Amino acid sequence: MLITNCDKGDFDQIINDVEDFWGSRRTACLHHPMFLYEFGNTAYVVKENGRVLAYLFGFLSQTGPLAYIHLVAVRQSHRRHGLGCQLFEHFADYARKKGCQTIKAITSPDNVASVAFHRRLGMEISASVKDYSGPGIDRIVLIKAL
């Protein structure tokens with residue numbers, strides 16, 4: 001399976017199947033089309049026979065040598081096959097080549113699965129920030145040196 005840039009058909013498939021990736025539609029609002037149109041060079045998919053199995057939407061910070069992972073997801077049927085790790089490494093390699101020194105992600109404190117996934121990638125919790133995403137919306141910040 002190859003990692004390629006996400007195209008419009010891939011993006012539409014992800015939106016239509018968001019429940020298969022996330023278990024519900026709770027993250028649908030986070031899948032903004034800017035990740036396809038404005039940050040398409042850092043929007044990646046893993047496909048098999050035209051079906052998106054996993055994806056990562058990220059971007060490079062405009063204020064420093066930092067790469068940011070916005071969303072990374074794997075279909076429920078394809079978890080524990082290393083697809084998320086492959087996407088992470090692909091993005092990290094790209095970020096490194098562009099001069100980034102750190103990769104960052106955030107998640108909610110109660111999302112134990114997300115924290116565990118990012119920790120398996122070698123990311124460390126750098127902070128737990130109260131009100132990070134607005135009043136009463138705390139987040140955990142994870143980082144990894146590139």
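Small disclaimer: the values here were computed from a predicted structure and weren't measured.
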Closest non-hydrogen atom pair between M123 and L142, with its separation: CE-O, 3.4 Å

Minimum heavy-atom distance between N5 and G40, given as atom pair plus value: ND2-O, 2.9 Å

Pair T102-K144, side chain to side chain contact (heavy atoms under 4.5 Å, CB included): steps then yes or no: CA-CA 6 Å; T102 307; K144 180 179 181 176; over 6 Å; no

Closest contact, heavy atoms only, P65 versus G99: CB-O, 3.5 Å

Between CG on residue L87 and CD1 on residue I3, distance to nearest 0.5 Å: 4.5 Å

H32 and Y37 aromatic centres sub-6.0 Å: no

Shared hydrophobic cluster, V18 / V46 (ILVMFWY, side-chain heavy atoms < 4.5 Å): no

W22 side chain near L71 side chain, heavy-atom distance below 4.5 Å: yes

Contact check, side chains of V72 and F88, non-hydrogen atoms, under 4.5 Å: no

Side-chain touch I140/I106, heavy atoms, less than 4.5 angstrom: no

Within one Ile-Leu-Val-Met-Phe-Trp-Tyr cluster: I14 and F59, side-chain cutoff 4.5 Å: yes

Minimal non-hydrogen separation, I15 against R25, with atom names: O-NH1, 3.5 Å

Side-chain heavy-atom pair I103, L66 within 4.5 angstrom cut-off: no

Common cluster, L146/L60, ILVMFWY with side-chain heavy-atom separation under 4.5 Å: yes

Minimum heavy-atom distance F21-V52, with the two atoms named: CZ-O, 3.6 Å

Polar side-chain atom of H118 near backbone of V115 as donor-acceptor pair, under 3.5 Å: no

R80 atom CZ, neighbour heavy-atom count above 12 within 6.0 Å: no

L56/H70 under side chain to side chain contact (heavy atoms under 4.5 Å, CB included): CA gap, chis, key distance, verdict: CA-CA 8 Å; L56 182 149; H70 178 63; over 6 Å; no

Side-chain donor or acceptor of T42 paired with backbone N/O of G58 under 3.5 Å: yes

CD on E48 to CG on L2, rounded to 0.5 Å: 11.0 Å

Donor-acceptor contact present, side-chain Q13 to main-chain G50, <3.5 Å: yes

From CA spacing to verdict: side chain to side chain contact (heavy atoms under 4.5 Å, CB included), R75, D17: CA-CA 9 Å; R75 284 189 187 273; D17 296 347; 2.7 Å; yes

Atom CD of Q76: over 12 foreign heavy atoms under 6.0 Å: yes

Minimum heavy-atom distance V74-R79, with the two atoms named: O-NE, 3.0 Å

4.5 Å side-chain heavy-atom contact, C85 and R120: no

Pair D138-D131, side chain to side chain contact (heavy atoms under 4.5 Å, CB included): steps then yes or no: CA-CA 5 Å; D138 303 342; D131 300 332; 4.0 Å; yes

Centroid separation Y44 to H90 less than 6.0 Å: yes

Student check: side-chain heavy atoms of K104 and V141 closer than 4.5 Å: yes

Rounded distance (nearest 0.5 Å) linking atom CG of D12 with atom SG of C6: 9.0 Å

Derivation of the salt bridge (charged side-chain N to carboxylate O under 4.0 Å, His left out) call for K98 and D93: CA-CA 9 Å; K98 293 295 186 180; D93 287 345; over 6 Å; no

Parallel, tilted or perpendicular: rings of F57 and F35 (30°, 60°): parallel

Check: L30 and T27 side chains under 4.5 Å, non-hydrogen atoms: yes

Note, L36 side chain near K8 side chain (heavy atom, < 4.5 Å): yes

Verify same cluster id: I143, Y68 (apolar side-chain graph, 4.5 Å): yes

Gap separating the CZ atom of R139 from the NZ atom of K130, nearest 0.5 angstrom: 12.5 Å

